Asks: 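Can you keep this structure in mind? I'll have questions shortly.
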Amino acid sequence: KLAAKVFHVRGDRVKLAYNSELFEKGNAPNILSSIAGNIFGMRAVRNLRLEDIKVPREILRSFSGPKYGIEGIRKFMRIKKRPLLGTIIKPKLGLKTLDHVKVAYEAWLGGCDLVKDDENLASQKFNVFEERLARSLEACNKAEEETGEKKAYIVNVTAETKKMMKRAQLVEELGGKYIMIDIVTAGFSALQTLREADFKLAIHAHRAMHAAFTRNERHGISMMVLADIARLIGVDQLHIGTAVGKLKNNLEEVSELGEEIEKKTVKETKMRLSQNWGRVKSVLAVCSGGLHPGHVPYLIEHLGKDIVIQMGGGIHGHPSGSFRGARAARQAIEAVMNKKTLKEAAGENMELKQALDFWKRR
């Protein structure tokens, strides 16, 4: 009765099903320990890759899922249709707190909706977490008042679980809207603890280290599986790649990953199983990794409007600085939303023209 059943074999692709009684409900680590555990270390196995999982309704119901999802984020950020524009503070490490805040403020003022820490900024002596958080939220509030737009600071709370929870609590007490966690390095138990604490904060999931076991197409676990677990536990935003830029991924992979986390139902493809997510909310896809304003039309055309377009060097590397870099990125988004070409928009916007000329030479 409890034995796993192989029900489909075609070439080197196999589908198998487990009885849901084998799993403890609401326990994400238990699921992965079972379906992606010792099998990878068996002497008889040369190459093995877990491409996707399909979660049954009774297991789905035992998890919280995202608190906000796409609709909730759009509601509290007051952005109805266009993609959200985000940036990462660069350089990622080395800036003192006041310099970090200055860059963030310029980005918000220029048109960014979201500003976040990079994945390896925690609480170093040159940029201590508590001071960075307080001063960044002050700058965020100031930028809101000056622009009339909602802004948000996504602070990295990743740490030992108890310390992480204290940091998240402080973010909530100081009026923050978001927190970020490196979900792979922190672990799915830590992510569940954070989600089930039921803070009023949106959770931005960074996938640092995922490529250590997702990149080899012949062995390991796909990003699709990690995305399923992340949505199940309840992140609100998740990095999916870009199909352009500096990171290794292709359009088909990124598109299918975006559909997996954003749609209520997804159809089966060659590398993905069908899934009905039921009441589990959607996750907002984050595109990042070597992006600049010239990439905006491609991203919106192929991945839609329900994305965060997140540029680091593509904003801060602007020849006239972070403020004008953010303006250029926002101008690119507005151009696409108004059905203009970037060339047309560049004729009307100096910042965008500078950006396109600069990145064309790179």
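Since this is a predicted model, take the numbers as computed values, not measurements.
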Asks: What do you reckon, are the aromatic ring centroids of His219 and Phe40 less than 6.0 Å apart?
Replies: yes
Asks: Please identify which of these residues, Arg132, Lys90, Lys92, meets the salt bridge (Lys or Arg N to Asp or Glu O under 4.0 Å) condition with Asp117.
Replies: Arg132
Asks: Step through the shown structure and confirm whether more than 12 heavy atoms of other residues, nucleotides or ligands are within 6.0 Å of CZ on Arg13.
Replies: yes
Asks: When you compare the side chains of His316 and Thr87, does any donor N or O come within less than 3.5 Å of an acceptor on the partner?
Replies: yes
Asks: Aromatic ring centroids of Phe76 and Tyr178 under 6.0 Å?
Replies: yes
Asks: Tell me, yes or no, whether the heavy-atom count around Asn338 atom CG, taken from other residues, nucleotides or ligands under 6.0 Å, exceeds 12.
Replies: yes
Asks: Salt bridge between Glu138 and Lys142, side-chain N to carboxylate O under 4.0 Å?
Replies: no
Asks: Using 0.5 Å steps for rounding, measure from the CD atom of Glu217 to the OG atom of Ser222.
Replies: 11.0 Å
Asks: Around Lys81, counting heavy atoms of other residues, nucleotides and ligands shown, do more than 12 lie under 6.0 Å from its NZ?
Replies: no
Asks: Between Phe23 and Ser34, which heavy-atom pair has the shortest distance, and what is it?
Replies: CE2-CB, 3.6 Å
Asks: What is the distance from atom CH2 of Trp277 to atom NZ of Lys263, rounded to the nearest 0.5 Å?
Replies: 14.5 Å
Asks: Describe, in one word, how the ring planes of His204 and His239 are oriented to each other, choosing from parallel (under 30°), tilted (30 to 60°) and perpendicular (over 60°).
Replies: perpendicular
Asks: Could you tell me which non-hydrogen atom of Val280 sits nearest to which non-hydrogen atom of Gly65, and how far apart they are?
Replies: CG1-CA, 4.1 Å
Asks: Can you establish whether the number of heavy atoms outside Lys67 located under 6.0 Å from its atom NZ is more than 12?
Replies: yes
Asks: Please name the pair of heavy atoms, one in Ser64 and one in Ile233, separated by the smallest distance, quoted to 0.1 Å.
Replies: CB-O, 4.0 Å
Asks: Assess whether a salt bridge exists between Lys162 and Glu160, defined as any Lys/Arg side-chain N lying under 4.0 Å from an Asp/Glu carboxylate O.
Replies: no
Asks: For Asp228, enumerate each residue passing the side chain to side chain donor-acceptor pair (under 3.5 Å) test, keeping only those at least two apart in sequence or located in another chain.
Replies: none
Asks: Can you tell me if Gln169 has over 12 outside heavy atoms packed within less than 6.0 Å of its CD?
Replies: yes
Asks: To the nearest 0.5 Å, tell me how far Arg49 CZ sits from Phe213 CZ.
Replies: 10.5 Å
Asks: Side chain to side chain contact (heavy atoms under 4.5 Å, CB included) with Ser322: which of Leu109, Val103, Ile89?
Replies: Val103
Asks: Salt-bridged, Asp236 to Lys281, with N to O below 4.0 Å?
Replies: no
Asks: Any chance you could measure Gln331, atom CD, to Asn349, atom CG, to the nearest 0.5 Å?
Replies: 3.5 Å
Asks: What do the steps show when you test Glu268 against Lys15 for salt bridge (charged side-chain N to carboxylate O under 4.0 Å, His left out), and what is the final call?
Replies: CA-CA 12 Å; Glu268 183 170 342; Lys15 297 178 185 177; 2.4 Å; yes
Asks: Looking at CG of Asp113 and NZ of Lys150, how far apart are the two atoms once the value is rounded to the nearest 0.5 Å?
Replies: 12.5 Å
Asks: Please check if the side chain of His295 supplies one atom and the backbone of His292 the other of a donor-acceptor pair under 3.5 Å.
Replies: yes
Asks: Rounded to the nearest 0.5 Å, what's the gap from CZ on Arg82 to CD on Glu334? Could you check?
Replies: 6.0 Å
Asks: Please check if atom CD in Glu252 has more than 12 non-hydrogen atoms from other residues, nucleotides or ligands closer than 6.0 Å.
Replies: no
Asks: With a 4.0 Å cut-off, would you call Arg330 and Glu149 a salt bridge?
Replies: yes
Asks: Looking only at non-hydrogen atoms, find the nearest pair between Ala345 and Ala335 and report the distance.
Replies: CB-CB, 3.5 Å
Asks: Using the rule side-chain hydrogen bond (donor to acceptor under 3.5 Å, both in side chains), only one of Lys151, His100, Glu146, Arg135 pairs with Tyr105; which is it?
Replies: Glu146
